[in-house]
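Data block below; observations after.
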Amino acid sequence: MIPRELIGTAQVPDGEELKLFRRGDDFMIVLQRNELMNSRMSGSEEALATMTCERLAQRKALRILIGGYGMGFTLRAALAVLPGDAELVVAELVPEIVAWAKGPMAALTAGCLDDARVSVVFEDVAASIDKAKGEYDAILLDVDNGPDGLTRLGNDRLYSSRGVAAVRRALKPGGVLAVWSAAPDAPFARRLREGDLTVDEVVVRARSNGKGARHVIWFARRPEA
């Protein structure tokens, strides 16, 4: 078996240390004993983007906020289906994540961060949401393994009733919040509905070939008026 090689570390502000490992051509980002992402499993992260874009197919000049670059699966999937008039803002809290994307994982990144439709802001996605008022057609969140602050406790506010209200204000009428999770979470789905959002909970597979673990994506839409 090819040994796993540690090739980078990064401190999450007010959180734990992230570690980037490589095994052959595969990469893993690990938090303590939790493997947050793996370059071999991208299906549900890609679905986060493609299924959101399907729900916004009739809109023009989409403006989308992506919370967390990760390994870029969601960003690349969105770029593949969106036209040239789209704008994608990636809010990344940990600068090393982007440095890894441009460095050891450059082949995986495939130049997506250089696309003219993409801009990167190095800040907490919650801050990006808080200062936005009716600006986004979609907000895509994949910053934890589900609706709780795994990478940092401060992320809990993203999934609270107050966080849901902030997302609703940041979305345009008819806009969509999409949240990735490794497992179902009934209380979070209830908070979305209580926040005056129409909720669609979809089960997707971890791998792009339709196999692997079952993950969950919530699509919560702000009413048109």
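Of all heavy-atom pairs between Cys112 and Leu75, the closest is SG-CD2, 3.7 Å. Listed here is the closest heavy atom pair of Ile64 and Leu140: CG2-CD1, 3.8 Å. Nearest heavy-atom pair, Val176 versus Leu171, reported as atom, atom and distance to 0.1 Å: O-CD2, 3.6 Å. Closest of all the heavy-atom pairs between Asp130 and Ala166 is OD1-CB, 3.6 Å.
Using a 4.5 Å heavy-atom cutoff, the side chains of Phe27 and Ile7 are in contact. Contact of the Glu96 side chain with the Leu20 side chain is not registered, since no non-hydrogen atoms from C-beta on lie closer than 4.5 Å. A heavy-atom distance below 4.5 Å is found between the side chains of Arg221 and Leu56. Here the side chains of Glu201 and Leu192 are not in contact, with every heavy-atom distance at 4.5 Å or above. Here the side chains of Val94 and Pro13 are in contact, with some heavy-atom distance below 4.5 Å. Using a 4.5 Å heavy-atom threshold, the side chains of Leu18 and Ile97 count as touching. Asp142 has its side chain out of reach of Met37: every pair of non-hydrogen atoms, C-beta onward, lies at least 4.5 Å apart.
Listed by chain and number, the residues in a side chain to side chain contact (heavy atoms under 4.5 Å, CB included) with Gln11 are Glu17 (sequence neighbours excluded). Take Pro187 and apply the side chain to side chain contact (heavy atoms under 4.5 Å, CB included) test, not counting sequence neighbours, and it matches Asp185, Arg190, Arg191. In terms of the side chain to side chain donor-acceptor pair (under 3.5 Å) criterion, Ser39 has no residue partners (sequence neighbours excluded). Residues passing the salt bridge (charged side-chain N to carboxylate O under 4.0 Å, His left out) test with Glu87 are Arg63, sequence neighbours excluded. By the salt bridge (charged side-chain N to carboxylate O under 4.0 Å, His left out) test, Lys172 is found to be paired with Asp137, residues two or more places apart in sequence or in another chain being considered. Phe21 pairs by the ring-ring contact (aromatic ring centres under 6.0 Å, His included) definition with nothing, not counting sequence neighbours. For Lys102, the salt bridge (charged side-chain N to carboxylate O under 4.0 Å, His left out) test picks out no residue, with sequence neighbours left out. For the side chain to side chain contact (heavy atoms under 4.5 Å, CB included) test, residues two or more places apart in sequence or in another chain that qualify with Ile2 are Arg23. Under the side chain to side chain donor-acceptor pair (under 3.5 Å) criterion, Glu92 pairs with no residue, sequence neighbours left out. Thr52 meets the side chain to side chain donor-acceptor pair (under 3.5 Å) test with no other residue; sequence neighbours excluded.
The CG atom of Leu141 sits 12.5 Å away from the CH2 atom of Trp180 when rounded to the nearest 0.5 Å. For the atom pair NZ of Lys19 and CG of Leu31, the computed distance is 10.0 Å after rounding to the nearest 0.5 Å. Residue Arg169 holds its CZ atom at 10.0 Å from CZ of Arg222, rounded to the nearest 0.5 Å. Taking CD1 of Ile29 as the reference point, atom CD of Glu35 lies at 10.0 Å (rounded to 0.5 Å).
Trp218 and Ser181 share no donor-acceptor pair across their side chains, judged by distance under 3.5 Å alone.
Remark: Lys60 NZ is loosely packed, at most 12 non-hydrogen atoms of other residues, nucleotides or ligands lying under 6.0 Å away.
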**Asked** Please walk me through it: do Tyr69 and Leu113 pass side chain to side chain contact (heavy atoms under 4.5 Å, CB included)?
**Response** CA-CA 10 Å; Tyr69 174 79; Leu113 290 169; 3.8 Å; yes
**Message:** Could you go through Arg205 and Arg214, starting from their C-alpha distance and side-chain angles, then the distance that decides it, and tell me whether this counts as side chain to side chain contact (heavy atoms under 4.5 Å, CB included)?
**Reply:** CA-CA 5 Å; Arg205 291 286 193 173; Arg214 294 177 183 270; 3.0 Å; yes
**Request:** Could you please spell out the steps behind the side chain to side chain contact (heavy atoms under 4.5 Å, CB included) verdict for Met51 and Asp200?
**Result:** CA-CA 11 Å; Met51 296 178 75; Asp200 183 16; over 6 Å; no
**Request:** Show the numbers, then the answer: is there a side chain to side chain contact (heavy atoms under 4.5 Å, CB included) between Val89 and Glu135?
**Result:** CA-CA 11 Å; Val89 180; Glu135 292 184 24; over 6 Å; no
Donor-acceptor list for residues 76-85 side chains, cut-off 3.5 Å, not counting sequence neighbours:
{"unit_1": "Arg76", "atom_1": "NE", "unit_2": "Leu108", "atom_2": "O", "d": "3.4"}
{"unit_1": "Arg76", "atom_1": "NH1", "unit_2": "Met71", "atom_2": "O", "d": "3.0"}
{"unit_1": "Arg76", "atom_1": "NH1", "unit_2": "Gly72", "atom_2": "O", "d": "3.4"}
{"unit_1": "Arg76", "atom_1": "NH1", "unit_2": "Leu108", "atom_2": "O", "d": "3.4"}
{"unit_1": "Arg76", "atom_1": "NH2", "unit_2": "Met71", "atom_2": "O", "d": "3.1"}
{"unit_1": "Asp85", "atom_1": "OD2", "unit_2": "Ala61", "atom_2": "N", "d": "3.2"}

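Residue pairs satisfying the side chain to side chain donor-acceptor pair (under 3.5 Å) criterion with at least one member in residues 104-123, sequence neighbours excluded, are listed as follows: Asp115-Arg117, Glu123-Ser128, Glu123-Lys131.
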